[in-house]
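Order of appearance sets the numbers: ligands from 1, and atoms from 1 within every ligand. One-based numbering along the sequence shown.
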Amino acid sequence: MTSGNNESWAPDTIVVAAGRPPHATNEPVNPPIVLSSTFYSLGESNAGEKVYGRFTNPTWDPLEETIATLEDSELPALAYASGMAAVAAGLSLLPPGGTIVIPRHAYNGSLALVAELEQTLNLTVRRVELADTVATLEAFDGADMAWLESPTNPMLEVADLPALLDGAKERGVLSIVDNTFSTPLLQRPLQLGADVVVHSATKYMGGHSDVVLGAVVTRNPELRARLHSMRTLHGAIPGPFEAWLTLRGIRTMALRLEKAEANARELALRLNEHPAVSRVRYPGLETDPGHARAAVQMDGFGSILCIEIRGGAPAADAMLGRMRLWTPATSLGGVESLAERRRRHTGEPESVPENLVRLSVGIENVEDLYADLDRALTGA
Ligand SMILES: *Cc1c(COP(=O)(O)O)cnc(C)c1O
């Protein structure tokens, strides 16, 4: 592949232009899907050879190049079978008996896997209030890994990423940021000093709720080599079709996010005044505790907001059942608006309010979105 890496393009150009075949006669404009589990290779195999479909695949290359360019790394990203496979790859960098710092409100799959490894690898797990920078930095002392997420899912707490990543570096703690919620369009943790970034590309990158895929990015050649070798041995690789579909989704990510965020901001303002809603969490609201930090370290506030419904979990569930345009479903980052009461999952931390409904705002007309919410909230 070609385009992208040597140019100082803006992110909304990179999503469209990176990872395309060379400008040459008869080259396709879009990278093709290569459906082959094995490749011609004769004699002793060398580093440049593809050899076998679990080692590498030509359909991954343009996707891995594009994600790396977006995250500002010169080394290709590594694509995985799912976001959780990418999370597991990141956590596999922990030594047995090691110490990890993780936000109390990290993604519940990551929390569950860390709890599992706490037993099997005899880890020490320090669960922190991520918005409390002093306490989080203290927890870094003597740790092996800092697992960071900002804003957190679903509490939307904003971490002071520059301070935490500097603090991790000073203490020799390996830092990993799950950048799924922000996307590299809003936040680029490697530029702030993170060692590794992980993604669930299932969300904003795929963008159409039709693919499950994950990615890991690092600027460190040794870490990348270790991760690549482990991906080959663990075998959590994406299929070529999923890789192609994800890159296809990335092409419109900037446009989708721009519209979804504009919708989210408008809905946050209106819901903040709604009598059936006791609290709105959205870093884009000036009154939100994470607003000032997000305004400094992010290029936007994203398209996820959480509302707390008066009347508790029963009122929230009834509201979800009345929705017609919004779909009650888990996941986020797709073109269609989804809503979910997070505590319906048994694995969700108990500090997440029972009546909290996460809204993943899509790209529909904002008046239709609000009308459906308002009708569902007021029970009409
Ligand atoms: C969804 C999600 C994951 C897991 O990704 P899958 O693609 O579902 O395996 C990890 N982290 C965050 C923040 C997520 O939202």
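- Taking distance alone, with nitrogen or oxygen atoms compared against 3.5 Å, Val212 stays at or beyond that limit from ligand 1.
- Transitive grouping of hydrophobic side chains (ILVMFWY, heavy atoms separated by less than 4.5 Å) keeps Leu161 and Tyr107 in distinct clusters.
- Considering backbone and side-chain N/O of Tyr107, none are found under 3.5 Å from N/O of ligand 1.
- For Tyr282, there are no ring-ring contact (aromatic ring centres under 6.0 Å, His included) partners two or more places apart in sequence or in a different chain.
- The distance criterion of under 3.5 Å between nitrogen or oxygen atoms is met by Met84 with respect to ligand 1.
- Using a cutoff of 4.0 Å between basic side-chain nitrogens and carboxylate oxygens, Arg104 and Glu149 are not scored as salt-bridged.
- Annotation: cation-pi geometry satisfied between Arg270 and Tyr370 (NZ/CZ under 6.0 angstrom from ring centroid, within 45° of ring axis).
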N/O donor to acceptor pairs below 3.5 angstrom from side-chain atoms of residues 114-122, sequence neighbours left out:
residue	atom	partner	partner atom	Å
Glu118	OE1	Arg127	NH2	2.9
Thr120	OG1	Glu116	O	3.3

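- Nearest to atom 7 (O) of ligand 1 among the protein's heavy atoms is Thr202 OG1, 2.6 Å.
- Protein heavy atom in closest approach to atom 1 (C) of ligand 1: Lys203 NZ, 1.4 Å.
- By heavy-atom distance, the residue among Asp178, Thr152, Asn108 lying nearest atom 13 (C) of ligand 1 is Asp178.
- Note on Asp288 versus Arg281: no salt bridge recorded, every NZ/NE/NH1/NH2 to OD/OE distance being 4.0 Å or above.
- Residue Asn153 approaches ligand 1 through these ligand atoms, each under 4.0 Å from one of its heavy atoms: 15 (O).
- Polar contact with ligand 1: absent for Glu149 (N/O pair, distance under 3.5 Å).
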